[in-house]
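Below, each value reflects all heavy atoms present in this structure, side chains not excepted, and no hydrogens, waters or symmetry copies. Within every chain, numbering begins at 1; the chains are lettered A, B, ... in the order of the sequence lines, protein sequences first and strands thereafter. This is a predicted model, so every value here is computed, not measured.
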Amino acid sequence: MTIAARRSSARYRWQRRARGFGLFVLLLLVLVYTLFPYYWAIVSSLRSGSALFSTSLVPSFDLTHYMALLQDPVFTGSIVNSLIVAGSTTLISLAVAVAAAYALGRLTFGGKKLMLMAILVVSIFPQIAVMSGMFELVRWFGLYNRIGSLILAYLIFTVPFTVWVLTSFMREFPRELEEAAIMDGCSHWRILTRVLLPLMGPALASTGLLAFILAWNEFLFALTFILSDENRTVPVAIGLISGNSRYEYPFGPVMAASIVVTLPLLALVLFFQRRIVSGLTAGAIKG
Amino acid sequence: MTPKPASGSLQRKEVFAAWIFLAPALIALLLVAFWPLARTFYFSFTNATLDDPSIYDFIGWLNFTEIARDAQWWRAVGNTVLFTIVSVVLETLLGLGIALLLNQALPGRGALRAAILIPWSIPVVVSAKIWEWMLHDQFGIINNLLIGLGLVEHGIAWTATPSLVLGVVIFIDVWITTPFMVLLILAGLQTIPEEIHEAALVDGVPSWKRFWSITLPMLRPAIGVAVLFRALDAMRMFDLSYILAGNNERTMTISIYARNQLISFQETGLGSAASTWVFFVIALVAVLIIGALRLDRSTTAGR
Amino acid sequence: MASVSLNQVSKSYGAVDIIRAVDLAIADGEFVVFVGPSGCGKSTLLRLIAGLVPVSSGDISIADEDMTEVPASKRGIAIVFQSYALYPHMTIARNIGFALETSGLGKPEIKAKVTDIARMLKIDHLLGRYPRQLSGGQRQRVAIGRALVRQPKVFLFDEPLSNLDTDLRAEMRVEIARLHEELGTTMVYVTHDQIEAMTLADRIVVLNEGRIEQIGTPQELYRQPANQFVAGFIGSPRMNFVAGALLGEKARGATTLGVRPEAIRLVPAEEAHVSGTLLRLEDLGHEHLAYVEIARDITWTVRLAAHPDRERGAMVGLGWAEEALYRFGTDGRAVA
Ligand SMILES: Nc1ncnc2c1ncn2[C@@H]1O[C@H](COP(=O)(O)OP(=O)(O)O)[C@@H](O)[C@H]1O
Ligand SMILES: [Mg+2]
């Protein structure tokens, strides 16, 4: 009896170990699948000349492509442009969205449901569907081939998204907190700026970062509304890097450029990881 | 004293304040979303061109019929639908698998969750370029690996072989968007109370059955929302196909087709009509999926 | 001076009536307690008085001035919430002084007033801390301080002690009574705690489903409940009820009869008004509670000073003085 019991408990232990090992292998596969391409891009960006064609997984540290990129005014210019565009879009959307989210999350008024619906509907608009109207608008404001056109156009996806997510954060505050502020004589503006906003730091950081990523990565409008190289944003600039001839394809420089424009973003994403997850799912699940 | 009717200056003040706070967002959306959309609808009934969109005539439904007669449009529709269905199904299955894996009590779960965010947070251009390089016919690491393993003799020209290119686009899209699926499904998983699993465990319910009759049904809302988001995104996909294959007929999506008419051929009228088509196709898909979700919710709620 | 009066005040959310035509006059300096079952509209009524929620119809006046459409902060009212609702990102000093800051008072004056009030509430050593660093009782004191600083004419409390443990609750109850004595301000206090209601109130308002069932001093409500609802609600353990038919003669035509647990004695069978089976005995130390099944599915509670010395399952006779019997008509109203 005791021997049998010991034998069966040994079997369970063995089973548990096998399961743990299986999970570990699966996890490794997932990690290779998601991370290896990026790792390979880093490795390739650090190789020049014929070393680029090596299949060794060990990186070397040849910074040729990086030096060349940093001396390329078009590329550095595109980074500056992207920073301006994504930064301005984020700030404008946050400002606009915080106010709207306060109304939608905390005030009672007829037509609230309708407004929420309208904002949600905008987020399913395909970009192409507003393209010709947007083109006309951009020209009309005299923004064609200027980065201002992108700041304007990007509001179409950053505003609905930020309003939606911030509204769901706004709803989380207990009613009494706001009522205490009302009793203390606060106007709606003061409640928003002095009581609620200081408590929304994490929400603003995650929502802002997501909006920044959306704007930083956008391709279609950036390709369409900007004509000249010096006004391009990063994604289009990378898309347009080409070799000296048809047969030479500049993968080294492209990989280096890719790493340069994504590393800062990745650092932020990793840093704000937890908050990004809550921001993304707040919009999706609670909505 | 007779009671006052609900006049409510207090109430009116709040309503007024609400609209003031809402105004900037509403104005922004009217300006950059509803107005341009309305103009697109409007232009689709004209023969306007891009150089001077102020000179045009109304030509009724001509643009729409012209597009309906264009074989290339229908190819684009076919590509888009195929792309959407295959990639969303693959992403969902893969995302579900990875989410279940990450939901296990593993050491370093937070770090893993962060790592898996990478493909989603880098620009599509970058992902496309990285994979293009990895799939390069001569120097790509994938072909080298396949040759090294003796699976193929010569490198495969993945992006240049017509029958493979849509598959490559789908493959890369799955790589890019699986993290999004994982996150949403993982959030869904975390809303399932631990006790339910524990109760089933104590009752000796086998693990596949626990998954099939507990986990999956409870995940349905989360998966439904994730599929909705992804399907709408896939239907309007532009950048990945465009970067990888330009105007290749095999991968042209409806968004690429519409942009060609609009920008490359400078046909504002025709392009707008194509864009209008895109809008209504996507609206239809949205209504269908949301309807299915509602139906699902009401039937599961009734149980 | 700061009396409060409600005239036919109603509140509905959509089609749901939460407060139904409430008339209430609260005298200056009075301590009025609202009691009633959960969800009956106590908090809503308090919010209506505060102006945090607009009325659907009716008028509210404070100090004989119509306040129905006056914004909350201009009514001279302060409110203390059950959840404290302190501003998490502000120090205790700023929490207390925030109303003064909002009204544009100068920094030195704010500091002086805040220090005064903090000293009075014995929280002056906490002024530099944040709410999360305080215990529940300390937070409650801060919330009261925040209300006090505005020198309100009327104080509203919404279950202020519900989140505290028993000891602290007793301590704070005494504190609030002392505050009322010192300030002489009109106070309206919501609670579901009988002891708080009975000890603090000049008058108690019993609410049920958005209506006032009865208003009166604690003794009046206890001795002369206007109806069966109030009779059952005030007093703990609750009053025992039985259908009039079961007592025959003594019912004198009443539909329902009631006797308080503390009015019942154990008596020999021949003297008993009713008798039943002893189901269970609870020893609470200072008293004993006996549960007696007097008829199928009707169990009465009896409060006894000493152990009755009977076995579980024994038949016991229950008796009471004639004036301890309450009689209610078909509509639930008390009848003589
Ligand atoms: N803003 C609101 N919208 C709709 N119903 C509400 C709102 N506030 C309170 N209620 C409803 O009013 C009723 C009374 O609530 P409340 O006054 O908080 O009860 P009490 O404080 O007596 O427990 C409850 O049924 C509650 O659901
Ligand atoms: Mg309440």
Side-chain angles (χ1 to χ4, degrees), chain A residues 23 26-27 30-31 34-35 37-38 40-41 44 53 55 96-97 99-100 102-103 107-109 115 119 122 124-134 136-137 152-153 155-156 159 163 188 213 217 219-220 224 235 238-239 251 254-255 258 262 265-266 269-270 273 276-277 280-281 284-285, chain B residues 14-15 17-18 21-22 24-25 28-29 32-33 35-40 43 53 98 101 104 106 113-119 121-126 129-131 133-134 139 141 144 183-184 187 222 225 229 232 236 238-239 243 255 258-259 262-263 268 271-272 275-276 278-279 282 286:
Chain A
L23 281 182
L26 276 178
L27 203 66
V30 169
L31 281 182
T34 49
L35 297 185
Y38 197 71
W40 189 240
S44 301
F53 308 132
T55 51
V96 161
Y102 177 67
L107 302 178
T108 6
F109 62 102
M115 289 299 121
I119 288 166
V122 172
I124 73 161
F125 281 14
Q127 275 173 276
I128 191 72
V130 295
M131 186 77 103
S132 47
M134 193 78 90
E136 191 191 31
L137 197 69
L152 179 76
L155 295 180
I156 193 178
V159 167
V163 169
H188 288 297
I213 291 176
N217 293 354
F219 187 77
L220 177 51
T224 309
I238 292 180
F251 279 110
V254 167
M255 290 304 114
S258 300
T262 52
L265 215 59
L266 282 188
V269 167
L270 296 191
Q273 178 258 129
I276 289 184
V277 172
L280 266 180
T281 48
I285 302 234
Chain B
E14 181 161 337
V15 172
F21 278 101
L22 211 47
L29 288 184
V32 301
W35 168 252
L37 184 70
R39 290 300 282 174
T40 299
F43 278 131
I98 296 179
L101 183 65
Q104 306 286 328
L106 297 165
R113 207 166 57 169
I116 187 154
L117 271 172
I118 289 179
S121 46
I122 62 182
V124 171
V125 189
V126 169
K129 292 291 179 191
I130 291 176
W131 279 102
W133 168 228
M134 291 187 32
F139 309 114
I141 184 138
N144 272 312
L183 284 187
L184 288 197
V225 171
F229 276 87
L232 295 182
R236 60 194 171 193
F238 173 85
D239 36 14
I243 295 158
S255 284
R259 186 181 178 274
L262 205 61
I263 309 294
T268 301
S272 298
S275 305
T276 303
V278 174
F279 178 83
I282 287 180

**Request:** Step by step, work out the side chain to side chain contact (heavy atoms under 4.5 Å, CB included) result for Val126(B) and Ile238(A).
**Result:** CA-CA 8 Å; Val126(B) 169; Ile238(A) 292 180; 4.0 Å; yes

**Request:** For chain A, find which of Gln104(B), Arg39(B), Arg259(B) contributes the most heavy-atom pairs closer than 4.5 angstrom.
**Result:** Arg259(B)

**Asked** Given the options Ala38(B), Ser275(B), Pro123(B), which has more heavy-atom pairs under 4.5 Å with chain A than any of the others?
**Response** Pro123(B)

**Item:** Lys129(B) versus Phe251(A), closest heavy-atom pair with distance
**Value:** O-CE2, 4.0 Å

**Prompt:** Donor-acceptor pair, Ser132(A) side chain versus Thr40(B) backbone, under 3.5 Å?
**Reply:** no

**Message:** Does any backbone or side-chain atom of Phe238(B) lie under 4.5 Å from a heavy atom of chain A? Answer side chain, backbone, both or neither.
**Reply:** side chain

**Prompt:** Tell me, do Ile141(B) and Trp40(A) make a side-chain contact under 4.5 Å, heavy atoms counted?
**Reply:** yes

**Request:** Check whether any side-chain heavy atom of Ile130(B) sits under 4.5 Å from a side-chain heavy atom of Tyr38(A), and report yes or no.
**Result:** yes

**Item:** Heavy-atom contact with chain A under 4.5 Å, split by part of Ile122(B)
**Value:** both

**Message:** Need one label for Met255(A): side chain, backbone, both or neither, based on atoms under 4.5 Å from any heavy atom in chain B.
**Reply:** side chain

**Fill in**
Correct closest heavy-atom pair for Ala17(B) and His188(A) would be CB-CD2, 3.5 Å

**Message:** So which atom in Ala103(A) and which in Ala18(B) form the shortest heavy-atom distance, rounded to 0.1 Å?
**Reply:** CB-O, 3.4 Å

**Taking every non-hydrogen atom, the tightest pair across Leu35(A) and Ala115(B)** = CD2-O, 3.6 Å

**Side chain / backbone / both / neither for Ala286(B) at chain A, heavy atoms under 4.5 Å** = side chain

**Minimum-distance pair of heavy atoms, taken over all atoms of Leu266(A) and Ser121(B)** = CD2-OG, 3.5 Å

**Nearest-0.5 Å distance, CH2 of residue Trp35(B) to CD of residue Glu136(A)** = 6.5 Å

**Steps toward side chain to side chain contact (heavy atoms under 4.5 Å, CB included) verdict (Asn217(A), Val124(B))** = CA-CA 7 Å; Asn217(A) 293 354; Val124(B) 171; over 6 Å; no

**Item:** Glu14(B)-Thr108(A) side chain donor-acceptor pair, cut-off 3.5 Å
**Value:** yes

**Asked** Taking Leu220(A), Thr262(A), Thr224(A), Val163(A) one by one, which has the highest count of heavy-atom pairs under 4.5 Å against chain B?
**Response** Leu220(A)

**Side chain / backbone / both / neither for Ile213(A) at chain B, heavy atoms under 4.5 Å** = side chain

**Message:** Quick check for you: among Leu27(A), Val96(A), Ile128(A), which has the greatest number of heavy-atom pairs under 4.5 Å with chain B?
**Reply:** Ile128(A)

**Complete:** Heavy-atom closest pair (Ser44(A) atom, Trp133(B) atom, distance to 0.1 Å) is OG-NE1, 2.7 Å

**Request:** Please flag which part of Leu262(B) lies under 4.5 Å from any non-hydrogen atom of chain A: side chain, backbone, both or neither.
**Result:** side chain

**Request:** State, yes or no, whether a side-chain contact exists between Trp131(B) and Pro37(A) at a heavy-atom distance under 4.5 Å.
**Result:** yes

**Request:** Please state whether the side chain, the backbone, both or neither of Asn144(B) comes within less than 4.5 Å of a heavy atom of chain A.
**Result:** side chain

**Message:** Quick check: do Leu23(A) and Leu101(B) have side-chain heavy atoms less than 4.5 Å from each other?
**Reply:** yes

**Prompt:** For Tyr102(A), is it the side chain, the backbone, both or neither that has a heavy atom under 4.5 Å from a heavy atom of chain B?
**Reply:** side chain

**Request:** With a 4.5 angstrom heavy-atom cut-off, could you sort out which part of Ile263(B) is near chain A: side chain, backbone, both or neither?
**Result:** side chain

**Asked** How many angstroms lie between CD1 in Ile119(A) and CG in Leu22(B), if you round to the nearest 0.5 Å?
**Response** 6.0 Å

**Complete:** When rounded to the nearest 0.5 Å, the distance separating CD1 of Ile156(A) from CG of Leu37(B) is 8.0 Å

